[in-house]
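Residue numbering restarts at 1 for every chain, and letters A, B, ... go by the order of the sequence lines.
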2 protein chains.
Amino acid sequence: MEARIDSIKQKLHAQGYKLTPQREATVRVLLENEADHLSAEDVFMLVRDKAPEIGLATVYRTLELLTEMHIVEKINFGDGVARYDLRADSDKHHHHHLICINCGSMSEIKEDWLGPLEEKLEQEYGFQVLDHRLDFQGVCAKCQSEQATN
Amino acid sequence: MEARIDSIKQKLHAQGYKLTPQREATVRVLLENEADHLSAEDVFMLVRDKAPEIGLATVYRTLELLTEMHIVEKINFGDGVARYDLRADSDKHHHHHLICINCGSMSEIKEDWLGPLEEKLEQEYGFQVLDHRLDFQGVCAKCQSEQATN
DNA sequence: TTTCCTGCAAAACCTTTGCAGCAAC
DNA sequence: GTTGCTGCAAAGGTTTTGCAGGAAA
């Protein structure tokens with residue numbers, strides 16, 4: 001935990017930014033909720049517990065800064081709010097989402113299934129892939145068994 | 001063209017909805033610009049040429065209706081506006097996007113590369129896949145050659 | 001008549017921006 | 001003292017909603 005904070009602090013310093021108390025509180029919230037996909041509002045409410053005087057605009061500005069630094073990833077599931085994920089320490093992110101259209105739950109798959117596809121893309125289309133995003137919509141196992149019960 | 005309008009008309013009628021002149025104008029715009037990913041505002045401006053008295057709210061309501069009927073797909077590239085794509089006549093959509101981070105161009109790949117992955121998902125995770133979305137971010141061939149020139 | 005649909009305007013919503021004050025170096 | 005950061009409030013942009021009128025069955 002502290003090591004990751006330090007690592008982020010150094011990344012910011014390398015670009016001339018400071019890890020202010022507000023920014024640190026925001027980063028800690030992201031670290032403590034790494035499994036979730038928090039919206040800016042979510043982050044704001046959680047940060048408030050640690051730093052009650054913080055403003056929503058600062059949270060937005062921090063999330064934008066972290067996105068630019070590739071420390072977090074801004075994702076959009078189509079519900080009108082942006083969500084933010086801490087990136088793994090590796091530069092590329094390799095996780096996919098399973099979104100249940102019944103209960104709304106979202107789970108992650110950490111495997112990378114797209115390596116061969118990316119090679120194909122570069123060869124056949126001349127497109128240099130830097131990142132990708134893969135989401136599946138469907139019905140999760142839990143909802144399937146509940147539907148079977150009814 | 002007329003056949004596809006008819007097909008959509010029947011889908012609507014099957015659910016008790018009418019294909020009003022405003023809705024038809026909207027559908028025609030989508031059909032005529034199938035290659036693009038139009039925002040609601042884009043659709044609105046194009047529809048206006050055919051039906052000048054139409055309101056933006058009606059376009060939104062129509063696009064929402066068509067989305068619910070699975071006639072169009074609402075997608076979100078993270079720029080803050082929803083975009084709408086006509087779905088192919090087959091129920092599943094199988095195209096992927098290549099988004100160039102340099103020039104912003106977007107091209108489509110119509111192949112379906114994910115069939116095997118979806119089977120794997122159903123078997124290993126018990127997740128019933130209904131749809132998916134796959135986008136790649138990177139640098140397109142054109143921008144790569146321009147960068148090489150500089 | 002009853003139901004659905006429309007246009008307009010207002011509201012809601014998320015996000016960004018302007019600005020004055022503050023903190024750090 | 002300069003620079004960057006913050007909080008607040010206001011503005012911005014997209015999308016939704018309320019409502020009265022209109023069209024269709």
J.: Within the distance-only criterion (no hydrogens, no angle test), does the side chain of A:Asp42 pair as donor or acceptor with the backbone N or O of A:Ser39 below 3.5 angstrom?
T.: yes
J.: Both conditions, 6.0 Å and 45 degrees, for the charged tip of A:Arg133 above the ring of B:Phe77: are they met here?
T.: no
J.: Could you list where the contact with chain A starts and ends along DNA chain C, reading 5' to 3', using a 4.0 Å heavy-atom cut-off?
T.: C:dC14 to C:dG18
J.: Taking for each residue the nucleotide of DNA chain D bearing the nearest heavy atom, is the 5' side occupied by A:Leu56 or by B:Glu41?
T.: A:Leu56
J.: Ignoring hydrogens and geometry, is there a side-chain-to-backbone donor-acceptor pair from A:Gln144 to B:Gly126 under 3.5 Å?
T.: yes
J.: From CD of B:Glu53 over to P of D:dG22, roughly how many Å is that when rounded to an integer?
T.: 14 Å
J.: What integer distance in Å separates A:Phe44:CZ from D:dT6:P?
T.: 14 Å
J.: Is the A:Tyr125 ring parallel, tilted or perpendicular to the B:Trp113 ring (thresholds 30°, 60°)?
T.: perpendicular
J.: Hey, which of these two, B:Tyr60 or A:Ala51, hits DNA chain D nearer its 5' end, going by closest nucleotide?
T.: A:Ala51
J.: Write down the distance between CD (A:Gln15) and P (D:dC5), rounded to a whole number of angstrom.
T.: 12 Å
J.: Round to a whole Å and report the spacing from CD of B:Glu64 to P of D:dT14.
T.: 18 Å
J.: Given D:dG7, is OP1 or OP2 found less than 4.0 Å from the side-chain N or O atoms of A:Thr58?
T.: yes
J.: Could you state the CG-P distance from A:Asn76 to D:dG13, rounded to the nearest angstrom?
T.: 19 Å
J.: Side chain of A:Thr20 only, heavy atoms from C-beta on: which candidate in D:dT14, D:dG7, D:dC5 is closest?
T.: D:dC5
J.: For A:Lys9, does the NZ atom have more than 12 heavy-atom neighbours from other residues, nucleotides or ligands under 6.0 Å away?
T.: no
J.: Of all the nucleotides listed (D:dT6, D:dT16, D:dG7), which has the minimum atom distance to the side chain of A:Arg23?
T.: D:dT6
J.: Given side chains that start at C-beta, do those of B:Leu134 and B:Ile109 come closer than 4.5 Å, heavy atoms only?
T.: no
J.: Taking the nucleotide of DNA chain C with the nearest heavy atom to each, does A:Ser39 or A:Arg61 sit closer to the 5' end?
T.: A:Ser39
J.: In whole angstrom, what separates B:Ile75's CD1 from D:dT15's C1'?
T.: 17 Å
J.: Whole Å only: how far is the NZ atom of A:Lys18 from the C1' atom of D:dT6?
T.: 11 Å
J.: For the residue pair B:His37 and B:His97, does the interplanar ring angle fall in the parallel (under 30°), tilted (30 to 60°) or perpendicular (over 60°) class?
T.: perpendicular
J.: How long is the line joining CG of B:Asp79 and P of D:dT15, in whole Å?
T.: 9 Å
